[in-house]
A.B. asks: 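Quick one: structure below, then a few questions.
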Amino acid sequence: MPAVRARDLSKSYGSGHTRVDALRHATFDLEDGELLALLGPSGSGKTTLLTIVGALLEPTSGQVVIGDREVTQLRERERTAFRARRIGFVFQSFNLVPYLTARENLTIMSSVAHLDRAEVSHRADRLLQELGIEARRDNLPEQLSGGERQRVAIARALVTDPALILVDEPTASLDTALGSQVVCLLAEEIKRRGKSGIMVTHDSRMAAVADRTITILDGVLTAGGPHVASHHRAG
Ligand SMILES: Nc1ncnc2c1ncn2[C@@H]1O[C@H](COP(=O)(O)OP(=O)(O)OP(=O)(O)O)[C@@H](O)[C@H]1O
Ligand SMILES: [Mg+2]
């Protein structure tokens, strides 16, 4: 069973002359254990697609199935709970809670996802160690470097042990060398832990790290591998 099945996803923002068709009939599968890179220029619909797959945003039409659940059918509360338990997000802006320490930014996820506190704490400590930020665990985000913050964000995405990891442009705000390191680290973590992942990026270096690349242009997916199908209708 694929980790994600996306079928005929479309998303329009606004209406009338301000209407933007950000996503048009996107169809693809993400296989179990597969890491997919999603490439495309600014404004092409990458974040839109990722947030729909991650059940943060409802599509205008179409279907997203994660595992055996059709998330586009879930009601708001169920969707929130499903997301917290099953999906790990790494956003470009990291979204760390500024008044919580590095470690607390991880352990708080036990409340968010309604998971066992001791188990999540244990996993948090192990991740801090594995990602080399153990010594910074009691620092607030503002007392961390960009790369350290990124590592905390990666650890937070993994701490609930989700099957699916969604990453939006991890390199954008980092310098090139560090960005490349973070991409590799994240890809390694996803692979090593047997997760499935989608990484949104502007960066073609990602193509080398991912199992497969798909490209989006003006909301239309283009085949970049054997599993991709794109149903683009003219207009
Ligand atoms: N909330 C919104 N309301 C109206 N239009 C939106 C909204 N969010 C995105 N858009 C538009 O939808 C299109 C796709 O946006 P999206 O954020 O998905 O692009 P992106 O590929 O992630 O771009 P970037 O690489 O700059 O992050 C753009 O034209 C954008 O202006
Ligand atoms: Mg974006």
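Every number for a ligand or one of its atoms is a count from 1 in the order of the listing.
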A.B. asks: Of all the non-hydrogen atoms in the protein, which one sits nearest to atom 14 (C) of ligand 1, and at what distance?
C.D. replies: Gly43 O, 3.4 Å

A.B. asks: CZ of Phe28 to CG of Leu221: how many Å apart, nearest 0.5 Å?
C.D. replies: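 So the CZ of Phe28 and the CG of Leu221 are separated by 7.0 Å.
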
A.B. asks: In the protein, what heavy atom is nearest to atom 26 (O) of ligand 1, and what distance, to one decimal place, separates them?
C.D. replies: Ser42 OG, 2.5 Å

A.B. asks: Tell me: protein heavy atom nearest atom 27 (O) of ligand 1, and distance?
C.D. replies: Glu169 OE2, 3.4 Å

A.B. asks: May I ask whether Pro41 places a heavy atom under 4.0 Å from ligand 1?
C.D. replies: yes

A.B. asks: Starting from atom 4 (C) of ligand 1, which protein heavy atom do you reach first, and at what distance in Å?
C.D. replies: Tyr13 CB, 3.2 Å

A.B. asks: Evaluate Gly40 for polar contact with ligand 1, using N/O atom pairs at a separation under 3.5 Å.
C.D. replies: no

A.B. asks: Does the protein come close to atom 31 (O) of ligand 1 - that is, does one of its heavy atoms sit below 4.0 Å from that atom?
C.D. replies: no

A.B. asks: Of the non-hydrogen atoms in Asp68 and Met1, which two are nearest, and what is the gap between them?
C.D. replies: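 Minimum heavy-atom contact is N-SD, 3.9 Å.
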
A.B. asks: Just wondering, do Leu106 and Val120 contact through their side chains at under 4.5 Å, heavy atoms?
C.D. replies: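 A side-chain contact under 4.5 Å is absent here.
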
A.B. asks: Should Ala22 be counted as touching ligand 1, given the test is an N or O pair under 3.5 Å?
C.D. replies: no

A.B. asks: Looking only at protein heavy atoms, which one is nearest to atom 16 (P) of ligand 1, and what is the separation?
C.D. replies: Thr48 OG1, 3.6 Å

A.B. asks: Consider side-chain hydrogen bond (donor to acceptor under 3.5 Å, both in side chains). Of Arg5, Gln73, Glu70, which one does Gln63 pass it with?
C.D. replies: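 So, applying the side-chain hydrogen bond (donor to acceptor under 3.5 Å, both in side chains) to Gln63 and each of Arg5, Gln73, Glu70, only Glu70 qualifies.
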
A.B. asks: Measure the distance from atom 17 (O) of ligand 1 to every protein heavy atom, then report the residue, atom name and distance (to 0.1 Å) of the closest one.
C.D. replies: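 The closest heavy atom on the protein side is Thr47 CB, 3.8 Å.
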
A.B. asks: Could you confirm whether Thr47 has any N/O/S atom lying under 2.8 Å from the Mg ion (ligand 2)?
C.D. replies: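 Short answer: yes, at least one N, O or S atom is under the cut-off.
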
A.B. asks: So between Lys11, Lys46, Arg19, whose heavy atom ends up nearest atom 25 (O) of ligand 1?
C.D. replies: Lys46

